[in-house]
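These figures come from a predicted structure and were not determined experimentally.
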Amino acid sequence: MSDDWRQRVDAVWASADDTNEDATLASIDALVAERDPNDPEALFEAASARDFAGRETDAEPFYRAALAHGLAEPYRGQAIVQLASTLRNLDRPAEALSLLRDFLAAEPEHPLADAARAFAALALFDDGMRADALREALGALAPHLPQYARAVTAYADALDDD
């Protein structure tokens, strides 16, 4: 993947919050069209743009294709977390949670592990497992607390839905 292509993609994303969602999608799609149809990084960008535009149903197959075609880091972890979020938004929280659990089991120290845990907490909440959701969120937070990490962990472990 050329540095020029990546720089142009990054420029689109840098201005995305100030641009119409459809315009961002069109800009990304134009850049994706420059790449091979099976280019995993281009497929990931196509998925991300659809997610950004609120088109989760359209994003899912692009995420899956990007991963199937060997998407490398740093985008692979992002694709997994974003696909899980997409599945959750498509009312499939158990599938999202399974994807995130597999990711965390394989790479517990991944730079996006805490983000994966946050989305796992949201999936648990959506699946009606409120105590598990809070436990997941507090478990991700506790290691970052300068004080009270042990207490927060113990309280989280004691949570139940009753």
Under 4.0 Å between a side-chain nitrogen and a carboxylate oxygen: does that hold for R6 and D3? no
Mind running side chain to side chain contact (heavy atoms under 4.5 Å, CB included) on V32 and E41 for me, showing each step along the way? CA-CA 9 Å; V32 166; E41 204 170 320; over 6 Å; no
Flag the pair D51 and R55 as a salt bridge only when some basic side-chain nitrogen lies within less than 4.0 angstrom of an acidic carboxylate oxygen. no
Nearest heavy-atom approach of D160 to A131 is C-CB, 3.5 Å
Under the criterion side chain to side chain contact (heavy atoms under 4.5 Å, CB included), I'd like the reasoning laid out for E45 against R35: C-alpha separation, chi angles, the key distance, then a yes or no. CA-CA 11 Å; E45 295 300 341; R35 312 303 301 177; over 6 Å; no
Between L141 and V152, does a side chain to side chain contact (heavy atoms under 4.5 Å, CB included) hold up when you go through it step by step? CA-CA 9 Å; L141 175 64; V152 168; 5.6 Å; no
Looking at every heavy atom in both V9 and I28, which two are closest together, and how far apart are they? CG1-CD1, 4.2 Å
Chi angles and distances behind the side chain to side chain contact (heavy atoms under 4.5 Å, CB included) call for V12, T24: CA-CA 7 Å; V12 171; T24 298; 4.0 Å; yes
Just jot down the side chain to side chain contact (heavy atoms under 4.5 Å, CB included) partners of D17, sequence neighbours excluded, or say none. F52
Partner residues of A79 under the side chain to side chain contact (heavy atoms under 4.5 Å, CB included) criterion, sequence neighbours left out: F44, Y63, L67, L71
The complete set of salt bridge (Lys or Arg N to Asp or Glu O under 4.0 Å) pairs with one or both residues in residues 84-94, sequence neighbours excluded, reads E60-R92, R88-D126, R92-E95
Same cluster for I80 and L122 if Ile/Leu/Val/Met/Phe/Trp/Tyr side chains link at under 4.5 Å? yes
Distance from W5 atom CH2 to D39 atom CG, nearest 0.5 Å? 6.0 Å
I want to check something: taking the side chain as every heavy atom from C-beta on, are T57 and L90 in contact at a cut-off of under 4.5 Å? yes
Shortest non-hydrogen contact from A142 toward T153: CB-OG1, 3.4 Å
Looking only at heavy atoms, which two atoms of P93 and D127 are closest? And how far apart? CG-OD1, 3.8 Å
Main-chain N/O of Q82 paired to Q78 side chain as donor or acceptor, under 3.5 Å: no
Quick one: does R135's side chain have a donor or acceptor within less than 3.5 Å of a partner on L159's backbone? yes
Taking salt bridge (Lys or Arg N to Asp or Glu O under 4.0 Å) as the test, write out the residues that go with D18, two or more places apart. none
Looking at every non-hydrogen atom in both residues, tell me the closest pair between A59 and A47 and how far apart they are. CB-O, 3.4 Å
Are L97 and L134 connected in the hydrophobic side-chain network, where two residues link if heavy atoms are under 4.5 Å apart? no
Taking all atoms of both residues into account, what is the closest heavy-atom pair of L104 and A116, and its distance? CD2-CB, 3.9 Å
If hydrophobic clusters are built from ILVMFWY residues whose side chains come within less than 4.5 Å, do W13 and L83 share one? no
Between CG of D10 and OG of S15, what distance do you get to the nearest 0.5 Å? 11.0 Å
Ion pair D29/R50, N-O distance below 4.0 Å: yes
Suppose the criterion is ring pair (Phe, Tyr, Trp, His ring centres under 6.0 Å): which pairs have a residue in residues 91-129, not counting sequence neighbours? F103-H110
According to salt bridge (Lys or Arg N to Asp or Glu O under 4.0 Å), does anything in residues 96-106 pair up with another residue at least two apart or in another chain? List the pairs. R101-E136
Using modelled atom types and a 3.5 Å cut-off, is there a donor and acceptor pairing between side-chain atoms of S85 and backbone atoms of V81? no
